[in-house]
There are 2 protein chains.
Amino acid sequence: MSTSRPRRRIPEASVARLPIYLQILIEQADGGVLNISSEGLAELAGVNAAKVRKDLSYLGSYGVRGVGYEVDYLIFQIRREMGLDQDWPVVIVGGGNLGQALAGYGGFSGRGFPVGAIVDNDPAKVDTVVGGVRIRHLDELDTIVSGTGIAIGVIATPASAAQEVADRLVAAGITSILNFAPTIVTAPSRVSVRTVDLAVELQILSYHEQRRANLRSGTRTGGRGTGLGPGSATLKRGATA
Amino acid sequence: MSTSRPRRRIPEASVARLPIYLQILIEQADGGVLNISSEGLAELAGVNAAKVRKDLSYLGSYGVRGVGYEVDYLIFQIRREMGLDQDWPVVIVGGGNLGQALAGYGGFSGRGFPVGAIVDNDPAKVDTVVGGVRIRHLDELDTIVSGTGIAIGVIATPASAAQEVADRLVAAGITSILNFAPTIVTAPSRVSVRTVDLAVELQILSYHEQRRANLRSGTRTGGRGTGLGPGSATLKRGATA
DNA sequence: TCGACTTTGTGAATTCATGCACGAGCGACA
DNA sequence: TGTCGCTCGTGCATGAATTCACAAAGTCGA
């Protein structure tokens, strides 16, 4: 009992990196590499070696001093710790552009997240087949979830529908949501929600672009002085909630 | 001169939140809301009000005590600071599943990132039209970038091609890369790179799912004791690089 | 068997981010 | 014009994440 079982609760920042290490390790294993040092892994992941060691230490003490980590064993341990030693089928909500791309994208099934179902509320889309899966009606969500034990829902709808979809996913018993709609969705705290907003990513890049542009053109751009001041018009209190 | 120009260098964590505030503010403006308190904005963004104020304070001092922030003016300032007062056309590399979905996804153009070009190295794809844009050959990248001044490249290729594509993007003069391929891509430090790996997101959710499952079934699952020990076989030093 | 060498695992120092708590400023209203 | 109430801006304390630096633990070759 006292053998391996690692101390729980891995810091979020580490949890976010483990999949990256995992992916690199799998590539290395495929390439015939048997073991790897924290230094080598750090190099490939583009991070600091000490960080790699600390991250891995949360899993347990699986390295061998003077040698490094056995690739296969590390893969095994990361998988186990992250719950990737089983498949997690997902239900995609939204059979539009993005939903279809996700369903057709091999990267899901190939990495342990097969598309178990796709639903849409548009009758015209229902019964069409995408990526080998027949689109079903949104109303069947409860049946699907309770019938298959799917725990993860993927929202690929327009922003306007996202929150309602999230509510329905939660009601159906989903406990993790990956949201691609460009809006915040809220859910009870027992449910994990992650939002991936493509535009947000681009906007972050935009900030850095802009920053570089400013630096190039002499420390700061001559003010784009639009005259507008903070209190350009006296503020009138509007609805705040 | 001493008027507005805010102190530079906004912490990364704040930069990542500003687009979210921006989006909420735009929604509010559309709904006719004229001003909003840090409390209100925090509520909508799902974060702490002090954090909102601190984030916004990096832009300058644009709030009015006792009243809040003028929505329109805040939108203007966030846009300006993030470089969103101009369009940033992007070039998408990869006309496959994902590339097509991205090109067809309104969320890009609609938010200031029009798809300026799509390229692919598959002759069969070249000249087909996706989302109103004709796919051109990858080899035209240099011409496209220098001709249009596009600064942002989006990688929507298989992982195996990602690094080479990144290199070519950099060579062509791109300074920001948004990578959707499930692999690390490296670039000179003058180039910003962000990777969005859908599977990684799911794996993070998996971790939390698994964690909940473990907690439910009595503190910790009975060990899946596969006998395997850290040094199951004596490690032989393999290639490390 | 021993000593040189390599690489881990982790305490300690540092940097970054969050959240509290409160002074200061502003509008509203008498 | 003075007072009251609201909300910002920010100093400070706390906590999380990163990085350094080194003892401990192992391998390898002679």
Side-chain angles (χ1 to χ4, degrees), chain A residues 4 6-7 9-18 20-21 33-71 73-74 77 229-241, chain B residues 4 6-7 9-18 20-21 25 33-43 45-71 73-74 77 229-241:
Chain A
S4 62
R7 26 243 176 288
R9 176 134 278 143
I10 302 176
E12 270 304 302
S14 293
V15 170
R17 279 187 300 266
L18 288 174
I20 301 186
Y21 302 150
V33 175
L34 295 182
N35 62 57
I36 192 168
S37 66
S38 59
E39 182 78 32
L41 185 46
E43 164 96 8
L44 292 170
V47 303
N48 179 297
K51 198 188 305 199
V52 169
R53 288 199 297 277
K54 190 147 283 189
D55 286 341
L56 295 181
S57 77
Y58 294 120
L59 304 178
S61 193
Y62 299 135
V64 179
R65 291 163 200 239
V67 175
Y69 301 85
E70 186 184 358
V71 173
Y73 188 64
L74 206 46
Q77 286 298 344
S232 53
T234 305
L235 298 181
K236 277 286 151 236
R237 106 175 358 263
T240 290
Chain B
S4 62
R7 26 245 176 285
R9 175 133 280 146
I10 303 177
E12 271 303 303
S14 292
V15 169
R17 279 187 298 266
L18 287 173
I20 302 189
Y21 302 150
L25 289 167
V33 175
L34 294 182
N35 63 57
I36 192 168
S37 65
S38 59
E39 181 77 31
L41 185 47
E43 165 97 10
V47 301
N48 178 297
K51 198 188 307 199
V52 168
R53 289 199 296 277
K54 191 150 284 190
D55 286 342
L56 295 181
S57 77
Y58 295 120
L59 304 178
S61 193
Y62 299 135
V64 180
R65 291 162 201 243
V67 175
Y69 301 86
E70 188 184 356
V71 173
Y73 188 64
L74 206 46
Q77 287 298 345
S232 51
T234 304
L235 298 181
K236 277 286 151 233
R237 109 177 354 265
T240 290

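Just so we're on the same page: letters track the sequence lines, and every chain starts at 1. Note that the structure is predicted; figures quoted are calculated from it, not measured. Any value given below was found using the heavy atoms of this structure, including those in side chains, with hydrogens, waters and symmetry copies removed.
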Engineer: Measure the distance from CD on Glu39(B) to C1' on dG19(C) and round it to the nearest whole Å.
Structural biologist: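 That distance rounds to 13 Å.
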Engineer: Might you list the N or O atoms of the protein lying below 3.5 Å from N or O atoms in nucleotides 19-24 of chain D, with each pair's distance?
Structural biologist:
{"unit_1": "dT19(D)", "atom_1": "OP2", "unit_2": "Lys51(A)", "atom_2": "NZ", "d": "3.4"}
{"unit_1": "dT19(D)", "atom_1": "O4", "unit_2": "Lys54(A)", "atom_2": "NZ", "d": "3.1"}
{"unit_1": "dC20(D)", "atom_1": "OP2", "unit_2": "Asn48(A)", "atom_2": "ND2", "d": "3.2"}
{"unit_1": "dA21(D)", "atom_1": "N6", "unit_2": "Arg53(A)", "atom_2": "NH2", "d": "3.3"}
{"unit_1": "dA24(D)", "atom_1": "N3", "unit_2": "Arg65(A)", "atom_2": "NH1", "d": "2.8"}

Engineer: With a 4.5 Å heavy-atom cut-off, do Val15(B) and Ile10(B) have their side chains touching?
Structural biologist: yes
Engineer: Assess whether side-chain contact (heavy atoms from CB on, under 4.5 Å) is satisfied between Val71(B) and Leu34(B), documenting all intermediate values.
Structural biologist: CA-CA 5 Å; Val71(B) 173; Leu34(B) 294 182; 5.9 Å; no
Engineer: Tyr21(A) and side chain to side chain contact (heavy atoms under 4.5 Å, CB included): which single residue from Ile36(A), Asp55(A), Leu74(A) fits?
Structural biologist: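 Exactly one option meets the side chain to side chain contact (heavy atoms under 4.5 Å, CB included) with Tyr21(A), and it is Asp55(A).
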Engineer: What's the CG-C1' distance between Leu59(A) and dT10(C), to the nearest Å?
Structural biologist: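 Interatomic distance, CG of Leu59(A) to C1' of dT10(C): 15 Å.
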Engineer: At under 4.0 Å, does any side-chain N or O of Tyr58(B) touch on OP1 or OP2 of dA17(C)?
Structural biologist: no
Engineer: Please list every donor-acceptor pair under 3.5 Å in which a side-chain atom of residues 43-53 of chain A meets a protein atom from a residue at least two apart or in another chain.
Structural biologist:
{"unit_1": "Asn48(A)", "atom_1": "OD1", "unit_2": "Ala50(A)", "atom_2": "N", "d": "2.6"}
{"unit_1": "Asn48(A)", "atom_1": "OD1", "unit_2": "Lys51(A)", "atom_2": "N", "d": "3.4"}
{"unit_1": "Arg53(A)", "atom_1": "NH1", "unit_2": "Ser38(A)", "atom_2": "OG", "d": "3.0"}

Engineer: Can you see if the side chain of Ser38(A) gets near the phosphate of dT8(C) - specifically, an N or O under 4.0 Å from OP1 or OP2?
Structural biologist: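 For Ser38(A), the contact criterion (side-chain N or O under 4.0 Å from OP1 or OP2 of dT8(C)) is met.
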Engineer: Please give, in whole Å, the distance from dT8(C) P to Glu70(A) CD?
Structural biologist: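 Glu70(A) atom CD is separated from dT8(C) atom P by 14 Å.
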Engineer: For Tyr69(B) together with Tyr62(B), are the ring centres under 6.0 Å from each other?
Structural biologist: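 Aromatic pair excluded; centres sit 6.0 Å or further apart.
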Engineer: Starting at CG of Leu74(B) and ending at C1' of dC8(D), how long is that distance when rounded to a whole Å?
Structural biologist: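 To the nearest whole Å, that distance equals 12 Å.
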Engineer: Which one, dT10(D), dT7(C), dA17(C), comes nearest to the side chain of Ser37(A)?
Structural biologist: dT7(C)
Engineer: Restricting to non-hydrogen atoms, name the atom on Tyr73(A) and the atom on Gln77(A) that form the minimum distance, rounded to 0.1 Å.
Structural biologist: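 Minimum heavy-atom contact is OH-NE2, 2.7 Å.
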Engineer: Should Tyr69(B) be listed as having a side-chain N or O under 4.0 Å from OP1 or OP2 of dC26(C)?
Structural biologist: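 No, because none of the side-chain N or O atoms of Tyr69(B) sits under 4.0 Å from OP1 or OP2 of dC26(C).
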Engineer: What distance separates Leu41(B) CG from Arg17(B) CZ, expressed to the nearest 0.5 Å?
Structural biologist: 11.5 Å
Engineer: What is the distance, rounded to the nearest whole Å, between atom CG of Leu41(A) and atom P of dT8(C)?
Structural biologist: 10 Å
Engineer: When the distance from CD1 of Ile10(A) to P of dA17(D) is rounded to whole Å, what number comes out?
Structural biologist: 12 Å
Engineer: I need the CG-P distance between Leu56(B) and dG9(D), as an integer number of Å.
Structural biologist: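 Value for this atom pair: 8 Å.
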Engineer: Roughly, in whole Å, what's the span from CG in Leu34(A) to C1' in dT27(D)?
Structural biologist: 16 Å
